[in-house]
Chemist: 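Would you mind keeping the following structure in view while I ask a few things?
Whatever order the structure lists them in is the order used to number ligands and atoms, beginning at 1.
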Amino acid sequence: MKVYFIMGSLNCKEAPELVLEKALKGGVTLFQYREKGEGCLSSADKKALALQLQKICRKNHVPFIVNDDLDLMISLNADGLHVGQEDGDIREIRRRIPDKILGVSVHNAEEAQTAVQIGADYLGVGPIYATSTKLDTRDVMGFSVVKELRAKGITAPIVGIGGIKEENAFDVVEAGADGVSVITAISHHEDPERAARGLLQQVEEAYKER
Ligand SMILES: Nc1nc(C(F)(F)F)ncc1COP(=O)(O)OP(=O)(O)O
Ligand SMILES: [Mg+2]
């Protein structure tokens, strides 16, 4: 969970395959394919890119997670799925993929407790900081939301998401997250490998402080 890279074709300034290769070289520990936004790929093109990115993750022994699209996840036999609060019945999804990684977006302790009770394997908590990547986010929460979840006894794996970059990743992990998830901080960086490495260094620094 340390450095969870999320991206789709619209998030990349160069070929997504190249961005992912570089990010993995820099130490990304988990990847989510999130093909979303105005003009994003769909059907055959989306599946073709997903297969390419899955192959690259497999070569680097990093799990490949699909965002939202359960059918695509099943057709690729991907390692898991990430869903938000509005992406369908989480209980039904858990029942359909009992042996896969299931990540759930949560914004407060109540949503977190429900997701854990249903069997979520990790929680995506945010937006921690302001982000321009996802337009329909809830209000920005700051890293204190992670502290609150831990104080309320949530022990499940947590990644922070939303506007996280090398400069602010330390605080998110020090607050109690197991890692950080990023899109732009890596995908828009002129050197995705260096961006990933810098994030990993910050996360591992924070691990030492805990
Ligand atoms: N995609 C995500 N990944 C994570 C992860 F934990 F993996 F970092 N956390 C949160 C989200 C946001 O998920 P959602 O609320 O469904 O919105 P969208 O489908 O637009 O991403
Ligand atoms: Mg979603």
Chemist: Run the salt-bridge test on Lys59 and Glu21 with the 4.0 Å N-O cut-off and return the result as yes or no.
Modeler: yes
Chemist: Can you tell if the side chain of Tyr129 reaches within under 4.5 Å of the side chain of Val172, non-hydrogen atoms only?
Modeler: yes
Chemist: Do the side chains of Thr29 and Val62 get nearer than 4.5 Å, heavy atoms only?
Modeler: no
Chemist: Quick one: look up the protein heavy atom nearest atom 16 (O) of ligand 1 and list residue, atom name and how far away it is.
Modeler: Asp87 OD2, 2.7 Å
Chemist: Taking only Lys NZ, Arg NE, NH1 and NH2, and the carboxylate oxygens of Asp or Glu, determine whether Glu204 and Lys2 approach each other closer than 4.0 Å.
Modeler: yes
Chemist: Out of all atoms in ligand 1, which are within 4.0 Å of some heavy atom of Asp68? Include the element for each.
Modeler: 16 (O), 19 (O)
Chemist: What protein heavy atom sits nearest atom 17 (O) of ligand 1, and how far off is it?
Modeler: Lys134 NZ, 3.0 Å
Chemist: Have a look at ligand 1 and work out which part of Ile6, if any, has a heavy atom under 4.0 Å from it: side chain, backbone, both or neither.
Modeler: side chain
Chemist: Are Lys36 and Leu10 packed together at the side-chain level, in the sense that at least one heavy-atom pair is separated by less than 4.5 angstrom?
Modeler: no
Chemist: Which option, Arg138, Glu86, His82, Met1, owns the non-hydrogen atom nearest atom 4 (C) of ligand 1?
Modeler: His82
Chemist: As an exercise, identify every atom of ligand 1 less than 4.0 angstrom from a heavy atom of Gly124.
Modeler: 6 (F), 9 (N)
Chemist: Between Phe31 and Leu20, is there a side-chain heavy-atom distance shorter than 4.5 Å?
Modeler: yes
Chemist: So which of the N, O or S atoms of Asp87 lies nearest the Mg ion (ligand 2)?
Modeler: OD2
Chemist: Check Gln85 against ligand 1 and report side chain, backbone, both or neither, counting heavy atoms closer than 4.0 Å.
Modeler: neither
Chemist: Of the protein's non-hydrogen atoms, which lies at the shortest distance from atom 19 (O) of ligand 1, and what is that distance?
Modeler: Lys36 NZ, 2.7 Å
Chemist: Got a donor-acceptor contact below 3.5 angstrom from the Glu205 side chain to the Phe170 backbone?
Modeler: no
Chemist: Just wondering, do Ile101 and Leu81 contact through their side chains at under 4.5 Å, heavy atoms?
Modeler: no
Chemist: Are any of the side-chain nitrogens in Lys134 or Asp136 under 4.0 Å away from the carboxylate oxygens of its partner?
Modeler: yes
Chemist: So which heavy atom in the protein is nearest atom 8 (F) of ligand 1, and how far is it from that ligand atom?
Modeler: Ser181 OG, 2.8 Å
Chemist: Would a 4.5 Å heavy-atom cut-off, applied to side chains only, mark Ile6 and Ile186 as touching?
Modeler: no
Chemist: Can you pull out the closest protein heavy atom to atom 21 (O) of ligand 1? Residue, atom name and distance to 0.1 Å, please.
Modeler: Arg34 NE, 2.7 Å
Chemist: Hey, which atoms in ligand 1 end up nearer than 4.0 Å to a heavy atom of Val159?
Modeler: 5 (C), 6 (F), 8 (F)
Chemist: For Gly84, take its heavy atoms, then give the atoms of ligand 1 lying under 4.0 Å from any of them.
Modeler: 14 (P), 15 (O), 16 (O)
Chemist: Using distance alone, determine whether Ile161 and ligand 1 share an N or O pair under 3.5 Å.
Modeler: no
Chemist: Between Tyr122 and His82, what is the ring plane arrangement, given parallel below 30°, perpendicular above 60°, and tilted in between?
Modeler: parallel
Chemist: For atom 1 (N) of ligand 1, what's the nearest protein heavy atom and its distance?
Modeler: Gln32 OE1, 3.0 Å
Chemist: Can you report which non-hydrogen protein atom sits closest to atom 15 (O) of ligand 1, along with the distance?
Modeler: Ser105 OG, 3.3 Å
Chemist: Restricting to N/O/S, name the atom of Asp68 that gets closest to the Mg ion (ligand 2).
Modeler: OD1
